[in-house]
> 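Right, I'll just put the structure down here and ask away after.
The first residue of the sequence shown is numbered 1, and numbering continues consecutively from there. Only a predicted model underlies this, so the values are computations on that prediction, with no experimental measurement involved.
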Amino acid sequence: MTTLHDIAVHPEAVTVATPAGPAGPAGPAAANGNGHSPDRARVPKVLGELTPARLRAMDRPALDRLAAEIRRFLVASVSQTGGHLGSNLGAVELSIALHRVFDSPSDPIVWDTGHQAYVHKVLTGRAQGFARLRKAGGLSGYPNRAESAHDLVENSHASTSLGYADGLARARDARGEHHHVVAVVGDGALTGGLAYEGLNNIGVAQRRVVVVLNDNGRSYAPTVSPLTTATAAAGTCSASPAPGPQAPAAAPAAFFEALGFSYVGPVDGHDLDALEAALGEAAAVPGPVVVHVHTVKGRDYAPAERDAEKRLHDVSPFDAATGLPRVPKGTITTYTDAFGAAIVREAAARPDLVAITAAMTGPTGLIPFAERYGDRLVDVGIAEQHAVTAAAGMAMGGLRPVVAVYSTFLNRAWDQVLYDVGLHHLPVVLCLDRAGVTGDDGPSHHGIFDLALLTKVPGMTVLAPSSYEEVEVMLHDALEHTGGPVAIRWPKTPARRSAETGSGLQARRLTAGDGSVCLLGVGKLLEACERAAEVLDAEGVAATVWDVRVASPLDPEMLADARSHAAVVTAEDGIAEGGVGSAIATALGNGACGISSSASRPAVATCGLPLVYLPHGKPDEILAAHGLDARGIAGAARRALHSGAAGRG
C-alpha cells in the first residue's frame, strides 16, 4: 500500500496565484512561519488540469498515482489553511469512482455532509483555489453553487441529502428525464432523523436514487449507530470501536431491503476496481439502491490515523510532517475550555447532572467530562432534535440535563426547544458554542440567529458571558434555576480573562459616564463597547458601559440607568432585527430598530448583524465590516447623540 510517506512531490508542479479577497492582495508579510504564503499554492500539474472527462480517460496505474497525489496535496494544502482533512483523506477513491461512473453535473451528486467534498472540488477543476480555502473571497469549505455547476447543495448540516435526492428524483421523473440522482451519506449523517424520513419516502415511491453510504465508523467520534459495520470489516478500516452493539454483516442489507432498497456491499472504499463495479451495478438498478462502502477516515496519513479523538476531522493550520497544530492546544484560552472545566466542577457536586451532545463531544468541550463521568455523557449522534426532547424527558424524570451544541445546529431543534422544553417549563440547560460570527465555515455555521429566537421562548432565560470566568458563574446559576429552561451562548473566538464577574439575573455596570451616552454590550461585544468608550473619551464624551449578561429577561436596573442618558447604543453579534437591542429599544419606549428618539426618551442605536447569509471570513473582519468594532460602535454613538439633540431641538 502506498502511503503519504512514500509519495514524492510531483515533478510537474505549477505555482498558482489565487485572487485576493476583499481585504486586497497579500504581500510578503502574509507569509506564514514556514515561508509558504497562504495566497500561493504549489499545485501538481495533473491536479491543476483535472476535469471529470480527463479522469474517465485515465488507466488504473494513473488513477492510483492520482489518488496518492491528491492525498499529498490535501495534507500540504490544508496544513496551510486549516479545514476538514480526515474525512477527505478517506474519500479519495470513492470520489474518483463516483466521477468516473456518473456524469456530473448531469447526474447530480449530493454530498452529506458537505465537508467530504474537497476531493470532489479537486476533480472538478478547483485545485488552484485551495490556496484560499475558507478565506474571505476564496474557496468555500463546502460545496458551493456559486463556485461550480458540479456543486448542487451547500449541505454543511448533516442528514439532508436523502430529502434533496427524493425531490430531485421526483422532479426528474415528472419532467420525463432519465439521469441518475446520487446521494453520498457519510461521516455519521445517517444518524440524523431526517435521513430516515428521506429513506422512507424514496423507498415507498421506489424512486430511482443511488445512495452511497460512506461508512467510516465515525462522525467526529465513533458513529452512534448499530448500522455501521466499518469497524468489523477486516482489512478495510482501523477506526475505533463505535459505542453500542455492532451490526452483523447482514444487518444493514436487511434494514435497507426492508425499506424497499436494493443493497450492494459492503465494498472496500479504497479499491477503485471494486468501487467502480459496485457503482456501475447500482446505476443499472431500476429502483432505489444503497451502495455500502467502508472507508478509513484519515487514510494513509499517519497523524490522522493515530488521532483517537477525531482522525483530524477538522484542523487549524498544522505541521504536515507531524500533524501537530502550529499553535499548540492550550495556548489560546477559549470559552469552550471554560465550559469544559466548569461542567466537570458542577458534575462533582451534582450527581443528577447529565451532559448531552450530538456527535460533538470534543468540539463542545466535553472530553474532560467524558473522561471523568463517562456514564453521565449521552452522545445521540447527529440528532439535535432527539437531544433536546430526550433532555426534556430527563428533566421530567428528575435529572439536570445540559445540552452542549453549536448555536447553528440548535436551529435544527427549534420546535423541540419551543414546545417540548419551553411549553413544559422544564429546567433544561442549553449550552451554545460557536454563537455569533464563527468565521471560516461560512453562512451555515454562523450562530447569528440564537439571540433573536431564544429570547422569544416564553420563560426562557438567555445568558451571554463576556469572559472565561463568566461561563463558570453562568453555568452554576443556570443549574440553580429550576423554574424553566436556560440558554448560555458563547463564541468560538478566544475568551478574555476578567477578575470581575456578575451574578444571577443582573447586568453589570463597568463604568458610569457623564449621562450623554450608554453603551450596552452583549457577550463578546462588551469588549468592543469598552474600546468604543475609550474612543469617545478621547473626544470628550464619557460613556457609561454595561455588560448586559442576561439577554432575557432584561435587567430593570440596567434599563433604568440607560433611560437616564441622552443616547443608548446596544451591540450584539446576532441579527439586529428581533435581537436583544430591539428588545432594549422597545423596553426604553422606542419601538423601532435602528436609531429613534423623542423629546423625553433617549435616542437608541441598535448595532447588530443584517438579516443576510454572511459569507466565510475572519470573525473580526466580518464584525468590523458591519460596524461591530470600537470604531463602528463609537460612530453609532455619535449619530445617536446627534439624533437625540436634533429631536430635542
Side-chain angles (χ1 to χ4, degrees), residues 84 86-87 90 111-116 155-163 183-200 211 213-232 237 239-247 251-252 255-256 259 290 292 294-295 297 308-311 313-314 354-367 369-370 374-394 401-406 408-413 415-417 420 430-431 433:
H84 289 90
S87 305
W111 295 89
D112 187 2
T113 312
H115 62 241
Q116 300 174 95
N155 219 32
S156 62
H157 287 201
S159 311
T160 62
S161 63
L162 294 164
V184 183
V185 187
D187 257 30
L190 200 61
T191 61
L194 182 57
Y196 293 97
E197 295 173 28
L199 284 172
N200 181 57
V211 177
L213 175 56
N214 179 17
D215 181 2
N216 61 20
R218 306 181 70 88
S219 49
Y220 272 87
T223 304
V224 179
S225 172
L227 285 178
T228 183
T229 59
T231 55
C237 187
S240 300
Q246 295 299 291
F255 173 80
F256 290 114
L259 288 173
V290 168
H292 189 169
H294 286 151
T295 61
K297 193 163 186 169
E309 178 191 344
K310 58 180 181 178
R311 297 292 191 271
H313 173 94
D314 55 349
V354 178
I356 306 167
T357 181
M360 305 287 274
T361 302
T364 58
L366 286 173
I367 286 181
F369 183 94
D375 59 334
R376 291 155 63 183
L377 174 69
V378 180
D379 183 349
V380 300
I382 306 177
E384 292 83 3
Q385 290 176 298
H386 176 69
V388 173
T389 300
M394 292 179 201
V402 176
V403 181
V405 63
Y406 282 10
T408 184
F409 295 145
L410 189 69
N411 295 336
R412 297 156 65 91
D415 183 84
Q416 288 69 34
V417 170
D420 298 347
L430 304 171
C431 291
D433 206 318

> Aromatic rings Tyr406 and Phe409: how do their planes relate, parallel, tilted or perpendicular, breaks at 30° and 60°?
parallel
> For a side chain to side chain contact (heavy atoms under 4.5 Å, CB included) check, start with the C-alpha distance between Val405 and Leu430, then their side-chain angles and the critical distance, and finish with the verdict.
CA-CA 8 Å; Val405 63; Leu430 304 171; 5.8 Å; no
> Using 0.5 Å steps for rounding, measure from the OH atom of Tyr196 to the CG atom of Leu162.
10.0 Å
> Quick one: CG on Asn214 to NE2 on His292, what's the gap to the nearest 0.5 Å?
9.0 Å
> Would you compute the distance between atom CD of Gln116 and atom OG1 of Thr295 and round it to the nearest 0.5 angstrom?
8.0 Å
> Val417 and Val388: which non-hydrogen atoms are nearest, and at how many Å?
N-CG1, 3.9 Å
> Does Leu410 form a side chain to side chain contact (heavy atoms under 4.5 Å, CB included) with Val403? I'd like the steps, not just the answer.
CA-CA 10 Å; Leu410 189 69; Val403 181; 5.7 Å; no
> With heavy-atom distances below 4.5 Å as the criterion, would you say the side chains of Arg412 and Leu194 are in contact?
no
> Within the 4.5 Å heavy-atom criterion, are Phe256 and Leu213 side-chain neighbours or not?
yes
> Would you check if the side chain of Thr191 reaches a backbone N or O of Ile382 as a donor-acceptor pair within less than 3.5 Å?
yes
> Verify, without hydrogens or angle tests, whether Asp112 (side chain) and Ser161 (backbone) share a donor-acceptor contact under 3.5 angstrom.
yes
> How far apart are the closest heavy atoms of Leu377 and Ala370, and which atoms are they?
CD2-CB, 3.5 Å
> Could you walk me through whether Leu190 and Asp215 pass side chain to side chain contact (heavy atoms under 4.5 Å, CB included), step by step?
CA-CA 9 Å; Leu190 200 61; Asp215 181 2; over 6 Å; no
> Do you know which two heavy atoms are closest between Val402 and Cys431, and how far apart they sit?
CG1-SG, 3.6 Å
> With distance as the sole test, does Asn411 use its side chain to make a donor-acceptor pair with the main-chain N or O of Thr408 at under 3.5 Å?
yes
> Is it the case that the side chain of Ser159 and the backbone of Ala189 share a donor-acceptor pair, with hydrogens and angles ignored and the cut-off at 3.5 Å?
yes
> At what distance, to the nearest 0.5 angstrom, does CZ of Arg311 lie from NZ of Lys297?
9.0 Å
> Quick one: does Thr361's side chain get under 4.5 Å of Phe369's, heavy atoms only?
no
> Testing the basics here: between Val380 and Ala387, what is the closest heavy-atom pair and its distance to 0.1 Å?
CG2-CB, 3.8 Å
> Run the side chain to side chain donor-acceptor pair (under 3.5 Å) test on Asp433 and Thr364 for me, step by step, so that the C-alpha distance in whole Å, both residues' side-chain angles and the decisive distance to 0.1 Å come before the verdict.
CA-CA 6 Å; Asp433 206 318; Thr364 58; over 6 Å; no
